[in-house]
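Because the structure is a prediction, the values reported are computed rather than measured.
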Number of protein chains: 2
Amino acid sequence: MFEIFQKYISDQITLSEEDYELIKSVCIFKKLRKRQYLLQDGDIWKFNAFVCKGCLRNYRVDENGGEHIMGFSKECWWTGDRESLLTGKPSANNIDALEDSEVILITKPSFEMLCAQLPAFNDLINGILNKSFIASQNRIHSAISFTAEQKYRSFMDKYPDLTHRVPQHMIASFLGITPETLSRVRKEVAKK
Amino acid sequence: MFEIFQKYISDQITLSEEDYELIKSVCIFKKLRKRQYLLQDGDIWKFNAFVCKGCLRNYRVDENGGEHIMGFSKECWWTGDRESLLTGKPSANNIDALEDSEVILITKPSFEMLCAQLPAFNDLINGILNKSFIASQNRIHSAISFTAEQKYRSFMDKYPDLTHRVPQHMIASFLGITPETLSRVRKEVAKK
DNA sequence: TAAAAACCTTGATATAGATCAAGTTGCTTT
DNA sequence: AAAGCAACTTGATCTATATCAAGGTTTTTA
């Protein structure tokens, strides 16, 4: 399980054997069965989580029980709840596994230690935060500007693999449309 | 103009006189008249921009000429286009002044120098990036989950001052609804 | 200070997408 | 392998919001 994380890191920066030992020493390995929660709303989230295998979703539940998917995380993506982690307040999010999955958890203090000890690791993480922010901006743009069809096309464009990997009604939820609408949009898109 | 930036910093971290001199030495001071562009799409954005005075908007234009407002930035907020800055590619965004404004620009190399030389400054900036990311997540949630009325209420909640400071049709654009709908929503909200 | 723009509101109408409902297919679980 | 559940589709209808249009108000500019 650690090898995947190690490869992910070594593909981007150069670290010594000892550096990897240090990282490994603070990793918490966790296997999740399909449908198992990694985080439930109301809990306080304490980690940074790296997905080695499988796929998770991060969602919020509204007052009517409606689920709204904030994001998916597959292998080599990060997940968690930055807001709860930063503020120490209970999370409004739920994270659960869409498939049997394997994740690595690193507590906030350990993570900060790594960033302090390993400048290259710190840069790597910073780059990811930057990229996530940019992705969020683009998602906001699509949410406030696009039609249902444009939203779906841009999803396929950006996440071609997820398009077939996660249930359609979850993609609909991610896009902020109903499953019925997505089904009809797909029929249209298939025609052209 | 620099005093505002200095106060903003000193309210959050402690720096020496020399540190401020260093910061000041890389600041580019710029005054903008109402409607003046700070960035036009197609240009490559090279700075981090801190708003000392006034208010700007950041927006994208779609193929039909429709404007979609990504964000507002008033005094003591940051603005710019992180994506263009990071990738070096032409920006898809426009930034212009809604009021006569004053901004401080810091080029990317200078900014990185400051972050490297002044760890506290680096932490400060990191905190801002984190908070912006969290704000983006919350905006995504509202965009995919809320009705027009809920969107407007949450805007008033989050930005009570902007509610009266920027034109209504721009708030509508920010929320992803039409100006007419916003006008009607406001009438409803006023009743209750 | 008058003319021109920009802005906001209100009404009438249109429509994209939501909701409700039923049937089908395809996974899980025992 | 059957039963039960979850996922997808399709049709009918409804509704929140968009679009189109016009008038009134405020702000800008000459």
Side-chain angles (χ1 to χ4, degrees), chain A residues 32-36 54-55 57 59 62-69 72 96-101 142-156 162-192, chain B residues 32-36 54-55 57 59 62-69 72 96-101 142-156 162-192:
Chain A
L32 296 167
R33 311 268 285 284
K34 186 171 174 173
R35 276 186 217 178
Q36 190 179 338
C55 188
R57 82 219 240 245
Y59 63 99
D62 66 31
E63 62 272 22
N64 311 313
E67 297 180 353
H68 304 279
I69 296 190
F72 301 104
D96 64 11
L98 301 181
E99 309 167 359
D100 292 347
S101 302
S142 110
I144 66 174
S145 317
F146 287 178
T147 62
E149 180 170 336
Q150 289 173 319
K151 286 174 191 175
Y152 180 60
R153 283 184 184 280
S154 106
F155 182 90
M156 284 195 298
L162 290 183
T163 305
H164 298 291
R165 187 164 172 186
V166 309
Q168 250 183 67
H169 71 272
M170 293 192 187
I171 296 177
S173 165
F174 178 89
L175 297 177
I177 62 182
T178 59
E180 293 94 333
T181 294
L182 181 55
S183 174
R184 289 185 248 261
V185 161
R186 276 167 51 82
K187 198 158 76 167
E188 277 310 300
V189 168
K191 268 190 208 166
K192 298 177 192 169
Chain B
L32 296 168
R33 309 266 286 284
K34 186 171 173 171
R35 277 184 216 182
Q36 189 179 338
C55 188
R57 80 216 241 245
Y59 63 98
D62 66 31
E63 63 271 21
N64 310 313
E67 297 180 352
H68 304 278
I69 296 190
F72 301 105
D96 63 12
L98 301 181
E99 309 167 359
D100 292 347
S101 302
S142 109
I144 66 174
S145 317
F146 287 0
T147 64
E149 180 170 335
Q150 290 173 318
K151 286 175 191 173
Y152 180 60
R153 284 184 184 280
S154 108
F155 183 90
M156 285 195 298
L162 290 182
T163 305
H164 298 290
R165 188 164 171 187
V166 309
Q168 249 182 66
H169 71 273
M170 292 191 187
I171 297 177
S173 165
F174 179 89
L175 298 177
I177 63 181
T178 59
E180 293 93 333
T181 294
L182 180 55
S183 175
R184 289 184 249 261
V185 160
R186 276 168 50 81
K187 199 159 75 168
E188 277 310 300
V189 167
K191 268 190 209 166
K192 299 176 193 169

TODO: Specify the closest pair of heavy atoms between A:His68 and A:Asp62, including all atoms of both residues, with the distance to one decimal.
DONE: NE2-OD2, 2.7 Å
Task: Interatomic spacing from CD1 in A:Ile144 to CZ in B:Phe174 - rounded to 0.5 Å - done: 7.5 Å
Task: Heavy-atom donor-acceptor pair, B:Ser173 side chain to B:Glu67 backbone, under 3.5 Å - done: yes
Task: Expected output: side-chain A:Glu188 to main-chain A:Val185 donor-acceptor under 3.5 Å - done: no
Task: Sidechain-backbone polar pair: B:Ser101 side chain, B:Cys55 backbone, donor-acceptor under 3.5 Å - done: yes
- [ ] Go through residues 178-187 of chain B and report each residue with a non-hydrogen atom lying under 4.0 Å from DNA chain D, sorted by number.
- [x] B:Thr178, B:Glu180, B:Thr181, B:Arg184
Open item on the list: Check this for me, if you would: do B:Arg57 and B:Asp96 make a salt bridge, where the nitrogen-to-carboxylate-oxygen distance has to be below 4.0 angstrom?
Closed with: yes
TODO: Specify the residue among B:Ile177 and B:Lys34 whose closest nucleotide of DNA chain D lies further upstream toward the 5′ end.
DONE: B:Ile177
Task: Results of side chain to side chain contact (heavy atoms under 4.5 Å, CB included) for B:Ala143 - residues two or more places apart only - done: A:Ala143
- [ ] For A:Arg165, check salt bridge (charged side-chain N to carboxylate O under 4.0 Å, His left out) against everything at least two apart and list the hits.
- [x] A:Glu75, A:Glu99
Task: Inter-residue atom distance A:Ser142.OG - A:Lys151.NZ, 0.5 Å rounding - done: 6.5 Å
TODO: Measure the CD-CD1 distance between A:Glu149 and A:Ile177 for me, rounded to the nearest 0.5 Å.
DONE: 10.5 Å
Task: Leading and trailing nucleotides of DNA chain D with any atom under 4.0 Å from heavy atoms of chain A - done: D:dA7 to D:dA12
Open item on the list: One thing to verify: whether B:Glu180 and B:Arg184 come together as a salt bridge, which I'm taking to mean a side-chain N less than 4.0 angstrom from a carboxylate O.
Closed with: no
TODO: Heavy atoms of chain A, cut-off under 4.0 Å: which first and last nucleotide of DNA chain C, 5' to 3', fall inside that, if you could look?
DONE: C:dG17 to C:dT28
Open item on the list: Tell me the closest heavy-atom pair linking A:Thr163 and A:Ile171, and the distance in Å.
Closed with: O-CD1, 3.7 Å
TODO: Report the stems of DNA chain D as range-with-range entries sorted by first number; a stem here is at least three consecutive pairs, Watson-Crick or G-U wobble, both distances under 3.5 Å, and write none if there are none.
DONE: C:1-7 with D:24-30, C:9-30 with D:1-22
